[in-house]
Amino acid sequence: MLKRLNQTLSKLIDHELRTAQLLFLFLAVGFTAFTFFGDNLPVKGPLKHEWLNGIDALTAFVIFVGLLFYKPLQKRYQQCAYVFMYTMNVVNIFLLYGTSFNIQYAYQFIVAYTISGWFFRDKKNWLIHMVVMNVLLIIVTLVSEKSTATTFDFYATYIVASFAQAVLIHFRFSIEEKLTVSEKMYRLLAENSFDLICIHNADGSLEFISPSIKRLLGYDPAELVGRKPYEIIHTDDREIVRALNLSVPNHPSIQHPSQYRLQHKNGTYVWVETIFIALEGSDGIKNTVLSQSRDIRRSKGIQLQLEERTKELERSNADLETFAFVSSHDMQEPLRMISNYMQLLKKRYGGKLDKDADEYIEFANKGAIHLQQLIRDLLSYSRITRTELKRVSVNMNEAIDEVLRNIQVEIREKNAKVNREQLCAVEVDRNLLMLVIQNLILNGIKYNHSANPEIKISCAKHDRETIFCFADNGIGIKPEYQQRIFEPFHRLHTKAEIGGTGLGLSISKKIIERLGGRIWLESEFEKGSKFFFSLPNS
Ligand code: ADP
């Protein structure tokens, strides 16, 4: 109830013209009452007491009517107040003279004079008023006959009141001055900002729009003041702004930046990014919203282009993978047949034809085996993104034991040793992880000239990820090749030197990235390599 009364009063007082009109009506009625019903003390000179109050009543009434119906005067209500203050104070001084400083008029003058100071809006006008009234007062004091006691009483009160008025007015002007300076600064900021700054009413309509709107959207601020911003938001984006729930007071003070399109006056659309901030009124209630919008056409254009290209790349990548998958899958069968017949040829005719024929059969056989391996790798490579991930808790120790069982022939052949410490468990796709482990162990053995190849597997658990390390005492890799070996078909040796398809590490990289981790290596040429991969902790 009190809050509502306060709000109504603030609204009324904030509307200065309406307040001025009410004030003059009140004064007109008040002085008319004094004219007809006031004390009729004798006054020196031709003008009677009621006439003098009548002058005040008439002045207030004329100004009230003027302010009500005459538009040019409405803009000058401040000057009207000055006219009334002068009239009232001059009449009061005349009453002082006319009643020889009668106590009733003395206090009437002091009260009216003190209050009237508040109606002056600048120091200059206030000073002029003060000088005029004091000169009149001195003249009146000099020409009227009165007792010393009365004069002393009057001047004592008058000096105190004048001093109080001067102090209060000084404070008021200095506060107003500071306010004007800071208001000017903020206005300059808002008006010259490159961004579009708006203030929205509680109902969402625009109350203030910075002039930068002209540059951004081609409108003059006046064209949009009072309108709702929805009118110029792209229909597809209206929901984004509605979802912000700008209807105060419930929404949070600062909203995350939202991106949407605003319609330019010429009909085109402009991408902007806006931050909305709820502002509290002096009563602590959020009743306005400040929005700051930035033109993001350039970055949005680049972002859209990038998204389009990414989509295109993803599409062509998927096509390529499908192609690799289908072709390698379909090639498997005829290749198996070739390989089988080559074996048969070797078995049946090996040593029965001439030496060249034996050599040719051997080459064809090796080629068929290599091609089979290549197709198997290609299939695994293209399957990585096609298969659905089955995340399970994987005991790394058990997974490594299983891999070691699968490759025991290779381990025995090279007299290799695989050492591992107690390893941490992870939650990933077990089959894919086993493929990585197998590739890394086999490489550690294959690219190793030591009589006793050795691979050490360790792990380190961090806050967000677990890192595994596969360290070997192999041939190592020169720094300039360390990144390239993760690319498909990138090999550092010929097939004759060390066999392989050049896909093992790229398969491993693709798997680890699909599982949400990274893979990298540290290596010293001819001393050994350490392959690391990380997996996110669940
Ligand atoms: P492949 O072994 O089939 O050739 P990879 O992708 O597994 O294919 O390896 C790519 C290349 O990286 C290999 O040709 C080899 O030169 C090098 N490489 C891989 N692992 C090691 C290792 N542990 N030590 C030294 N070189 C290695």
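Start at 1 and go down the list; that is how both ligands and their atoms are numbered. Nothing fancy with the numbering, it's 1 onward along the sequence. All values reported here derive from a predicted model rather than from experimental measurement. FYI, side chains are in, hydrogens and waters are out, and symmetry mates aren't considered; it's all heavy atoms of this structure.
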Can you tell which part of [X] has a heavy atom less than 4.0 Å from ligand 1: side chain, backbone, both or neither?
X: K446; result: side chain
X: N439; result: neither
X: I477; result: side chain
X: F531; result: side chain

Original post:
ligand 1 and G504, any nitrogen or oxygen pair closer than 3.5 angstrom?
Top reply: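 Indeed, backbone or side chain, G504 has an N or O that close.
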**OP:** Would you verify whether the NZ or CZ of R215 falls within 45 degrees of the ring axis of F194 while also being under 6.0 Å from that six-membered ring's centre?
**Re:**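 Yes, R215 sits over the ring of F194.
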Ligand-side contact atoms (ligand 1) for residue partner [X], heavy atom cut-off under 4.0 Å:
X: S529; result: 24 (N)
X: G502; result: 1 (P), 3 (O), 4 (O), 6 (O), 8 (O)
X: G500; result: 3 (O)
X: T501; result: 3 (O)
X: L503; result: 6 (O), 8 (O)
X: L492; result: 14 (O), 16 (O)

Heavy-atom nearest neighbour in the protein, as seen from [atom], with distance rounded to 0.1 Å:
atom: atom 12 (O) of ligand 1; answer: I485 CG2, 3.3 Å
atom: atom 10 (C) of ligand 1; answer: H490 O, 3.4 Å
atom: atom 4 (O) of ligand 1; answer: R491 NE, 2.5 Å
atom: atom 6 (O) of ligand 1; answer: L505 N, 2.7 Å
atom: atom 7 (O) of ligand 1; answer: N443 ND2, 2.8 Å
atom: atom 21 (C) of ligand 1; answer: Y447 CD1, 3.6 Å
atom: atom 23 (N) of ligand 1; answer: D472 OD2, 2.9 Å

Original post:
Any ring-ring contact (aromatic ring centres under 6.0 Å, His included) pairs touching residues 499-523, not counting sequence neighbours?
Top reply: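 Every pair satisfying ring-ring contact (aromatic ring centres under 6.0 Å, His included) with a residue in residues 499-523: W520-F532.
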At what distance, to the nearest 0.5 angstrom, does [atom1] of [X] lie from [atom2] of [Y]?
X: L433; Y: L515; atom1: CG; atom2: CG; result: 7.0 Å
X: L196; Y: I213; atom1: CG; atom2: CD1; result: 5.0 Å
X: I407; Y: Q438; atom1: CD1; atom2: CD; result: 6.0 Å
X: E398; Y: E402; atom1: CD; atom2: CD; result: 9.0 Å

**OP:** Give a yes-or-no answer on whether the side chains of Y260 and T274 include a donor-acceptor pair shorter than 3.5 Å.
**Re:**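 Yes.
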**OP:** Give a yes or no on this: more than 12 heavy atoms of other residues, nucleotides or ligands lie within 6.0 Å of atom NE2 of H329.
**Re:**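 At most 12 heavy atoms, drawn from other residues, nucleotides or ligands, come within 6.0 Å of this atom.
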Original post:
For K414, does the NZ atom have more than 12 heavy-atom neighbours from other residues, nucleotides or ligands under 6.0 Å away?
Top reply: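 Atom NZ in K414 is crowded, with more than 12 foreign heavy atoms closer than 6.0 Å.
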Original post:
Below 4.0 angstrom, N of the basic side chain to O of the carboxylate: do K446 and D472 qualify?
Top reply: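 No, this pair does not count.
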Subject >> disulfide bond (SG atoms under 2.5 Å apart) assessment of C459 paired with C469 >> reply: CA-CA 6 Å; C459 95; C469 171; over 6 Å; no
